[in-house]
Colleague: 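Handing you this structure, nothing more for now.
Remember, it's 1-based here, ligands and their atoms both numbered in the order they're listed.
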Amino acid sequence: MALDAFRDELAATAAALSAPGTGLLAADESTATIGKRFAAIGLENSEANRRSYRSLLASAPELAEAISGVILFEETLFQDSVSEVGEPGPPIVTLFEQQGIIPGIKVDQGVESLAGGLAGESWCTGLKGLSERAARYYARGARFAKWRAVLRISSVGCPSELAVRENAWGLARYARTVQEQGLVPIVEPEILMDGDHDIATTASVQEWVLRTVYEALAVNGVFLEGSLLKPSMTLAGADCPERPGLEEVGAFTVRTLSRSVPAAVPAILFLSGGLSEEDASLCLNAINQAAAEGFAPWHLGFSFGRALQHSCLKHWNGTDRQAGQAALLARARANGAASRGAYAAGTEPSDDASLFVADYSY
Ligand code: 13P
């Protein structure tokens, strides 16, 4: 079996991505999504601007102190960098590798409406040709992959059993497929913050979702030691009138995970899901503090997109690379500390805006 040839390498990659005090930079926004970010700073969504921005990320000094891996969009994996003064440079992926940051690649091809599902439910596409694409990404230096399945909680009965099963199965087929090509799968069953449900509801839905995901991974023979989980934190819906405190978020998240994620999984790297930069760090910190008191055999880190890049984009503003890098490093350091349960509120700067967008698509 092809997977057997990669077992040791997969476990080593997953362990490197689970280093204490680190997490991932999710910079895999699709061309449409990065366009929305650029629009917020009045910048054209051109290839040159995307190249310049991702070159900023890849050349940020000392990023590797808190960032073990970076998730890229396909364009970036094959794109050359550009220097601050506009000179052509080495491939962007090489700049990350030179820093000791492991490159990864988003391999899903987005979500589509789920026939037979409830309003707003989706399934995640991208299995066709995945094996060949994964081999090509590995040859270019990628060592891990990401696939984002999306579920929602709503008063009309979401998630339906159909949505839970379909998305779990898709994640498992993807994970098995990329492992056979040497890529560590990040398994991402996101539960959106949209809705007015309370934190206890999120916890029970998330236990069901994760249980179903790990059943599907088992049926597909996914090698857990060579895989990573990227879940949402266990939070109340964005419109829930009762706002849980940080301790509650920590306790609920650790309880949910301890009930449903096998101990063989080396790390759980949370998505930020629309939390503000500071809130994402504080919640991650609270989760690690709760874990220190309970059962948590995994590294509990981060794989943030918006909560690592929001200030960075704003300070860069299309031209000021050093200001963008300083903002990125500040949030990377904050989240590195939070991964150890050692982040003190407000000790790193941020633009403390809510990044929540209803029906967010990546
Ligand atoms: P956010 O941290 O912005 O939720 O994104 C992480 C990600 O990669 C979602 O797939």
Colleague: Distance only, no hydrogens: is a donor on one side chain within 3.5 Å (strictly under) of an acceptor on the other, for Thr234 and Gln206?
Modeller: yes
Colleague: For Phe304, is the NZ or CZ atom of Arg331 found under 6.0 angstrom from the centre of its six-membered ring and inside 45 degrees of the ring axis?
Modeller: no
Colleague: Near Ser272, which atoms of ligand 1 are under 4.0 Å from a heavy atom of that residue?
Modeller: 1 (P), 2 (O), 3 (O), 4 (O)
Colleague: I'd like to check which ligand 1 atoms, numbered from 1 as shown, lie under 4.0 Å from a non-hydrogen atom of Ser303.
Modeller: 6 (C)
Colleague: Under 4.0 Å from any heavy atom of Phe304, which atoms of ligand 1 are there?
Modeller: 2 (O)
Colleague: Counting each atom of ligand 1 from 1 as listed, which ones have a heavy atom of Lys146 under 4.0 Å away?
Modeller: 7 (C), 8 (O), 9 (C), 10 (O)
Colleague: Taking N or O atoms only and a 3.5 Å limit, does Ala26 qualify as a polar contact for ligand 1?
Modeller: no
Colleague: Do any nitrogen or oxygen atoms of Gly273 come within less than 3.5 Å of a nitrogen or oxygen of ligand 1?
Modeller: yes
Colleague: Below 30° counts as parallel, above 60° as perpendicular, anything between as tilted: where do the rings of Tyr53 and Phe38 land?
Modeller: perpendicular
Colleague: Is the backbone of Ala48 close enough, under 3.5 Å, to the side chain of Ser52 for a donor and an acceptor to pair up by distance?
Modeller: no
Colleague: With heavy atoms of Arg306 as the reference, note each atom of ligand 1 found under 4.0 Å away.
Modeller: 1 (P), 2 (O), 3 (O), 4 (O)
Colleague: With a 3.5 Å cut-off and no angle check, do the side chains of Thr31 and Glu75 form a donor-acceptor pair?
Modeller: no
Colleague: Do any N/O atoms on Glu190 end up under 3.5 angstrom from N/O atoms on ligand 1?
Modeller: no
Colleague: Against heavy atoms of Lys230, which atoms of ligand 1 measure under 4.0 Å?
Modeller: 6 (C), 7 (C), 8 (O), 9 (C)
Colleague: Of the options Arg148, Arg54, Lys106, Lys146, which is the one that meets Glu29 in a salt bridge (charged side-chain N to carboxylate O under 4.0 Å, His left out)?
Modeller: Arg54
Colleague: Does a donor on one side chain sit under 3.5 Å from an acceptor on the other, for Glu348 and Tyr343?
Modeller: no
